[in-house]
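For the numbers below, each heavy atom of this structure counts, side chains included, while hydrogens, waters and symmetry mates do not.
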Amino acid sequence: MDFGKVEKIIFGNGKLKITAKERKQIEDSYAFLESFCKDKVIYGINTGFGPMAQYRVSDADRQSLQYNIIRSHSTGAGEPFEPACVKAAMVSRYLTFAKGKSGVHIDALELLAEFINHDVIPFIPQHGSVGASGDLVQLAHMALTLIGEGLVFYRGNLRPTADVLQELHLKPIEPHIREGLALVNGTAMMTGVGLVNLHYARLLLDYAVRASVMVNEIVASYDDFLAPELNHLKNHSGQTRIAQWMTELAESSQRMLKREVEMYHPHKEKVFKHKVQPFYSLRCIPQILGPIMDTLDYTQQVLEEELNAVDDNPIVDITTKTVYHGGNFHGDYVSFEMDKLKIAITKLTMLMERQFNYLCHDKINELLPPFLNLGQLGLNYGVQAMQFTATSTTAECQTLSNPMYVHSIPNNNDNQDVVSMGTNSAILARRVIDNAFQVMAIHYIGLVQAVDCLKIKDELCESSRCIYNEIRELVPVFIDDTPKYEEVASVIEKLKAGK
């Protein structure tokens, strides 16, 4: 399954349907494991878990063992994950089981599909995973709902799972051989959060490119910083694509200047009134956003690979007729990518904050009133206080961008002696992304205010005019000082909706 299809399931009306091939793979895997495990020692079927694997579990207690891992590990703390992240995690677990390498009963896949398709969202606290033997704690909370216990969000309300299952005429699963272990033992939570992060990161990149075109229009920059002859010489795909994207957006603009028209002829001025070269936050956008675009592309590749992987342990292979014990539940790939993603989005946020500062700083831009103030200087304050919010939020992103990937702490009686912290990494990236939307919203308000300061709306390119019109529907041009927190929130909501 590719990223686009997952987006439709998470954010649209996409549904999952078990295919005949998936059903056969799962049923064959289950039947093989049922026969294979009768006279053999297999981890998590007739042994304890983790360091307790050295202790044999009797056949009479095998089902209790599966219930016990779910109930004992439902120990998460903190705020619950947002529904999109949980839904994405369920899709990830579904796809692992659908490969027919986990030995689970078809009941587990069927109920997962019902939860996804009916938007039954398990209550999963954010804190608990070290991302090594899978997202044990968070996925235990998911599994808890599949056995009919715990809480779920359904139609906006937090309710007992048993009540919702009864309402939907669904039966909870009963563990057969290893459903308990299989449900909790994988990277589904960090992968799910990662997919949601990527969705919003791509929106932010789009908004950053459009904002960067608009700010260069406002200050009437020379357009040669986007020239393909210049950008191709850097040899980086992302830089070239960003420059081309901006060129296409700016094509209908009447504001961008041609250097050959304005500068490449004799001049007598000793001091040029118009900046010969803009500041870096305006001129170096392809060089700054290019590596961010490349990073998001690679992040998507890694997440798609993880989404379609078998991240379980042990692995049931009916082709070789054996069960393999290993560490596919380890989350280093996702953890590393989430660290890189949050660094990329922090840099994007810094760029937006610097562009906003450029618009606010009359001594620098030498074009606009201080803080885009359309009122009486001294009596009115324009966007002065909005800048405090943008700056402080950007600073938090910078602190949150310290890597989680290298913060392994041994635990589980040192059985888990090197861990990925992948879910923590994804959660921190989620926070950085939310912060970026706050800064982006403030910058967009500043951009449209600058347009009204100069009265240049009709000279803008089509993209910038659309931005102006849509933001002004939410934030009318302002002269007097009024509270702006509700308007900032409305712009954030619109941006997150992808509109």
Note: Phe3 and Glu304 closest approach over all heavy atoms is N-OE2, 2.7 Å
Distance col, row Tyr444:OH vs Arg210:CZ, nearest 0.5 angstrom, shows 7.0 Å
So which heavy atom on Ile479 is nearest to which on Leu374, and how close? CG2-O, 3.7 Å
Can we say Asp119 and Arg155 salt-bridge, meaning some charged N sits less than 4.0 Å from an Asp/Glu carboxylate O? no
From CA spacing to verdict: ring pair (Phe, Tyr, Trp, His ring centres under 6.0 Å), His274, Tyr222: CA-CA 10 Å; His274 192 78; Tyr222 295 105; 5.6 Å; yes
Residue Asp2 excluded, over 12 heavy atoms near CG under 6.0 Å: yes
Start with the C-alpha gap between Arg465 and Asp458, add the side-chain angles, then the distance that decides, and say whether salt bridge (charged side-chain N to carboxylate O under 4.0 Å, His left out) holds. CA-CA 8 Å; Arg465 287 197 306 274; Asp458 294 337; over 6 Å; no
Say whether, by atom type as modelled, one donor and one acceptor occur between the side chain of His73 and the main chain of Gln138 under 3.5 angstrom. no
Distance flag, aromatic centroids of His118 and Tyr154, threshold under 6.0 Å: no
Quick one: does any side-chain atom of Gln449 pair with a main-chain N or O of Phe478 as donor and acceptor, under 3.5 Å? yes
Is it true that, when you exclude Lys15 itself, more than 12 heavy atoms of the residues, nucleotides or ligands shown sit nearer than 6.0 Å to its NZ? yes
Ionic contact status for Asp224 with Arg283, cut-off 4.0 Å: no
What is the minimum heavy-atom distance between Asp481 and Leu379, and which atoms define it? OD2-O, 3.5 Å
Check: Gln126 side chain, Gly78 main-chain N or O, donor-acceptor pair, under 3.5 Å: no
Minimum heavy-atom separation for Leu303 and Gly194, please, with both atom names. CD1-O, 3.4 Å
Is the shortest distance from a Lys or Arg side-chain nitrogen in Asp297 or Arg202 to a carboxylate oxygen in the other one below 4.0 Å? yes
What residues, two or more places apart in sequence or in another chain, satisfy side-chain contact (heavy atoms from CB on, under 4.5 Å) together with Tyr333? Val302, Glu306
Under-4.0 Å salt bridge between Lys275 and Glu366: yes
Does any donor atom in the side chain of Ser401 or Thr346 lie under 3.5 Å from an acceptor atom in the other side chain? yes
Just checking, is any N or O donor in the side chain of Ser212 or Gln355 under 3.5 Å from an acceptor N or O on the other one? yes
Looking only at side chains, do Ser425 and Asp339 share a donor and an acceptor under 3.5 Å apart? yes
Check the side chains of Tyr358 and Glu353 for a donor-acceptor pair under 3.5 angstrom, ignoring hydrogens and angles. no
Please name the pair of heavy atoms, one in Thr96 and one in Asp312, separated by the smallest distance, quoted to 0.1 Å. CG2-CB, 4.4 Å
Using only heavy-atom distances, determine whether the side chains of Glu462 and Ser252 contain a donor-acceptor pair under 3.5 Å. no
Could you tell me whether Tyr200 and Phe11 have their ring centroids closer than 6.0 angstrom? yes
Is there a donor-acceptor pair under 3.5 Å between the side chain of Asn231 and the backbone N or O of Gln287? no
Evaluate side-chain hydrogen bond (donor to acceptor under 3.5 Å, both in side chains) for Asn469 paired with Lys457, printing each intermediate quantity in order. CA-CA 9 Å; Asn469 291 332; Lys457 173 191 169 185; 3.3 Å; yes
Would you find a donor on one side and an acceptor on the other, under 3.5 Å apart, between the side chain of Thr187 and the backbone of Phe329? no
For the pair Arg259 and Asp223, evaluate salt bridge (charged side-chain N to carboxylate O under 4.0 Å, His left out) and give the outcome as yes or no after the intermediate values. CA-CA 7 Å; Arg259 193 175 296 273; Asp223 67 359; over 6 Å; no
Pairing donors with acceptors under 3.5 angstrom, does anything connect the side chains of Thr482 and Lys484? yes
Flag the pair Glu396 and Arg431 as a salt bridge only when some basic side-chain nitrogen lies within less than 4.0 angstrom of an acidic carboxylate oxygen. yes
